[in-house]
There are 2 protein chains.
Amino acid sequence: MYTLDQVRCFVAVAEHLHFGRAAAALSMTQPPLSRQVQKLERFVGVDLLERDNRRVVLTAAGEAFLDNARVLLAMSDRAPQDARRIASGQWGRLSVGFTAASGFGILGSLVTAIEESFPGIDLDLHEMVTGEQLENLAEGRIDLGLGRLDSTPPSVQSELLLAERLLLAVPKDHPLAHLERPLRKDDVTGQPLIMHSATRATYFYDLLVRHFPIDHHMVRHSLSQVLTMINLVADNHGLAFVPESAALVSVPGVRYLAFEDLSEEIVELKALWNTQTKNPALKQVVSLLRS
Amino acid sequence: MYTLDQVRCFVAVAEHLHFGRAAAALSMTQPPLSRQVQKLERFVGVDLLERDNRRVVLTAAGEAFLDNARVLLAMSDRAPQDARRIASGQWGRLSVGFTAASGFGILGSLVTAIEESFPGIDLDLHEMVTGEQLENLAEGRIDLGLGRLDSTPPSVQSELLLAERLLLAVPKDHPLAHLERPLRKDDVTGQPLIMHSATRATYFYDLLVRHFPIDHHMVRHSLSQVLTMINLVADNHGLAFVPESAALVSVPGVRYLAFEDLSEEIVELKALWNTQTKNPALKQVVSLLRS
DNA sequence: ATGAAATGATGCCTGAAAGGTATCGTGGTC
DNA sequence: GACCACGATACCTTTCAGGCATCATTTCAT
């Protein structure tokens with residue numbers, strides 16, 4: 001078998017058509033260069049160069065070999081570079097799971113930030129609820145999640161990305177949309193609600209029952225997708241609690257109201273990732289998120 | 001710098017995910033295999049494999065390197081093979097110069113024969129008169145000529161490909177087309193002729209003046225392309241001498257007549273090549289032509 | 001819990017091969 | 001005809017690849 005060094009020797013000679021100068025270009029002396037080329041030719045079984053004592057020319061086989069040799073050397077340069085870039089996280093693929101709600105606000109700017117900082121990282125975006133994100137993180141199908149949850153399992157690390165207020169989406173003809181005074185928590189008492197699912201949107205469900213006196217009789221629908229909820233509000237099926245960023249979606253017939261007595265930014269969006277993930281791109285992205 | 005052997009070692013380990021079995025597959029023992037992989041990793045500057053004492057897995061960088069490594073190895077196999085094939089003449093490019101007249105008959109079957117016998121040889125076909133073929137052979141712009149000439153220069157070797165009769169092309173309304181008896185050489189005496197050029201179609205010109213009593217007053221046109229001559233015959237501008245193979249071209253209004261007293265196959269078509277040409281494909285094609 | 005097995009890494013030795021210096025052989029040049 | 005240019009060869013030294021023996025660590029069975 002032959003070596004890449006032999007190929008480099010041959011290419012140098014083929015380019016200079018002169019052993020002495022090629023040797024100088026390779027920072028070596030002429031005799032070992034001659035031998036390396038001979039050895040390569042012996043392996044190939046064919047003369048690649050025709051040496052006259054006066055001049056060196058490529059044979060037809062040599063021309064063909066030179067073409068392949070150049071590609072070979074280019075690739076032999078590229079392979080370690082690619083590996084280094086991927087190991088450093090400059091290159092790679094990052095699978096991101098995000099909730100539909102996070103898609104309204106932060107997802108776009110996050111994607112932009114990642115693409116600007118790490119143009120070598122390809123993003124795979126998958127919309128899924130937080131519970132699915134945790135499953136997929138555990139099984140390594142996604143590297144990063146953007147979701148809402150209070151406490152993370154031990155295998156998952158998180159970083160608070162965004163905290164926002166909770167708003168109430170009301171149909172524009174609803175009496176609450178025309179109050180003379182600021183809205184208060186207990187105004188929703190007895191109103192028909194389009195609630196978050198207790199199983200599929202646990203975070204919102206828990207958050208709401210913690211802050212509001214919600215009675216099961218008030219719940220008209222139980223959903224997990226914020227956008228669907230807003231559409232139902234527009235069709236006058238009830239009121240819905242939505243994070244502030246969802247208010248960016250203007251749907252005709254829907255108004256978003258803040259609570260006077262709940263101005264804290266209590267709805268959190270976290271970045272989630274598996275502590276054991278080896279994906280080097282994740283490290284880069286996480287350090288970006290932290291800044 | 002790293003070697004192809006190191007790459008082979010890495011690929012084997014990456015495929016087996018087991019140093020011992022990979023070593024066996026490479027017909028070597030495990031310790032040097034470990035060291036080769038270590039050396040490769042040291043050059044790349046990045047861990048390609050993650051070795052636990054229990055199992056071996058690829059890192060993200062290792063996966064990327066593996067992809068490139070496979071291409072690298074495939075190319076390292078291919079380069080010498082290509083060179084060998086080209087040196088043996090199985091592969092290559094052959095520039096062929098041919099006269100328009102040879103194109104009527106033998107060129108098609110020749111091209112077919114070459115393509116069947118040597119599917120790796122690409123043919124470049126260039127139409128040119130014999131004189132141009134000799135020039136281009138001398139300067140290496142074509143490797144093979146198909147032309148008509150009596151004596152070859154010393155640097156050119158030739159092989160007789162085809163000998164054929166000389167026919168007379170006549171307009172179908174011409175008296176000679178309706179003779180009760182076979183045509184004889186002296187029937188053309190005094191007829192208007194469309195002659196071959198004395199300078200650009202020397203071979204035909206010399207051949208004709210050797211066999212026929214041709215007077216300059218009879219010459220109406222002086223050309224080098226047989227097809228043009230036949231078209232002029234069709235338009236009743238005179239008679240033309242053409243090789244038998246040109247009769248394969250049926251032009252309305254033209255009939256081809258043989259001479260009773262000139263039945264020898266005196267029009268020759270030769271393959272011509274430069275004795276110094278190094279193109280290995282030529283050797284193969286010449287040996288094909290000889291059989 | 002403890003010993004056996006599995007597996008990759010290390011230490012050491014030998015032989016092959018790479019690179020260097022000096023020199024040869026052969027054409028072309030003045 | 002002496003000289004020069006240039007690739008090939010001879011010989012030496014050093015580097016490195018491969019093999020054997022062994023170590024260290026982890027898992028599994030008893």
Side-chain angles (χ1 to χ4, degrees), chain A residues 1-59 61-62 65-66 69 72-73 76 80 276 278, chain B residues 1-59 61-62 65-66 69 72-73 76 80 276 278:
Chain A
M1 185 47 61
Y2 62 103
T3 69
L4 287 171
D5 280 325
Q6 287 165 7
V7 177
R8 254 179 286 277
C9 289
F10 166 73
V11 170
V13 175
E15 279 172 353
H16 290 85
L17 292 178
H18 188 289
F19 279 73
R21 282 190 283 276
L26 293 169
S27 326
M28 64 192 292
T29 55
Q30 169 264 320
L33 174 60
S34 286
R35 276 179 310 215
Q36 292 291 54
V37 174
Q38 287 165 14
K39 202 175 277 194
L40 179 61
E41 286 179 307
R42 210 174 315 136
F43 172 79
V44 175
V46 148
D47 283 353
L48 301 176
L49 295 162
E50 201 173 313
R51 300 88 142 153
D52 184 278
N53 265 359
R54 213 68 212 149
R55 68 180 197 283
V56 178
V57 288
L58 282 164
T59 62
F65 193 88
L66 180 60
L72 199 59
L73 292 183
S76 78
Q276 305 172 59
K278 291 281 167 45
Chain B
M1 185 47 62
Y2 62 103
T3 68
L4 288 171
D5 280 325
Q6 287 165 8
V7 177
R8 253 179 287 277
C9 288
F10 166 73
V11 171
V13 175
E15 280 171 353
H16 291 85
L17 293 177
H18 189 289
F19 279 74
R21 283 191 281 278
L26 293 169
S27 328
M28 64 192 289
T29 56
Q30 168 264 321
L33 174 60
S34 285
R35 274 180 311 219
Q36 291 291 58
V37 174
Q38 286 167 13
K39 202 174 278 194
L40 179 62
E41 285 178 308
R42 209 173 316 136
F43 173 79
V44 175
V46 148
D47 282 353
L48 302 176
L49 294 162
E50 200 173 316
R51 300 86 141 157
D52 183 277
N53 264 0
R54 214 65 212 153
R55 68 181 196 282
V56 177
V57 288
L58 281 164
T59 62
F65 193 87
L66 180 60
L72 199 60
L73 292 183
S76 78
Q276 305 172 61
K278 291 280 165 48

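Both backbone and side-chain heavy atoms feed into the values below; hydrogens, waters and symmetry mates do not. Reminder, nothing fancy here: chain letters follow the sequence lines and each chain counts from 1.
Here the rule is side chain to side chain contact (heavy atoms under 4.5 Å, CB included) with A:Gln6, and of A:Met1, A:Lys39, A:Arg35, A:Gln38 only A:Lys39 fits it.
Between the side chain of A:Tyr2 and the main chain of A:Gln36, no donor-acceptor pair closer than 3.5 Å is present.
The distance between atom CZ of B:Arg35 and atom P of C:dT10, rounded to the nearest whole Å, is 10 Å. B:Met1 places its CE atom 20 Å from the P atom of D:dT15, with the value rounded to the nearest Å. Summarising the geometry, the separation between CD on A:Gln30 and C1' on C:dT23 is reported as 12 Å, rounded to the nearest angstrom. One can place CZ of A:Arg54 at 13 Å from C1' of C:dG25, the figure rounded to the nearest angstrom. Rounded to whole Å, atom P of C:dT26 lies 13 Å from atom CG of A:Asp52. In this structure, B:Gln38 atom CD and C:dG11 atom C1' are separated by 13 Å, rounded to whole Å. Between the P atom of D:dA17 and the CD atom of B:Gln36 lies a distance of 5 Å, rounded to the nearest Å. Rounded to an integer number of Å, the gap from A:Leu40 CG to C:dA17 P is 15 Å.
Closest contact between the side chain of B:Pro31 and the listed nucleotides D:dC20, C:dC12, D:dG7 involves D:dC20. Of the candidates D:dG19, D:dA8, D:dA17, D:dA17 carries the atom nearest the B:Gln6 side chain, counting heavy atoms from C-beta on.
Residue order along DNA chain C, read from the 5' end via each residue's closest nucleotide, puts B:His18 first among B:His18 and A:Met28.
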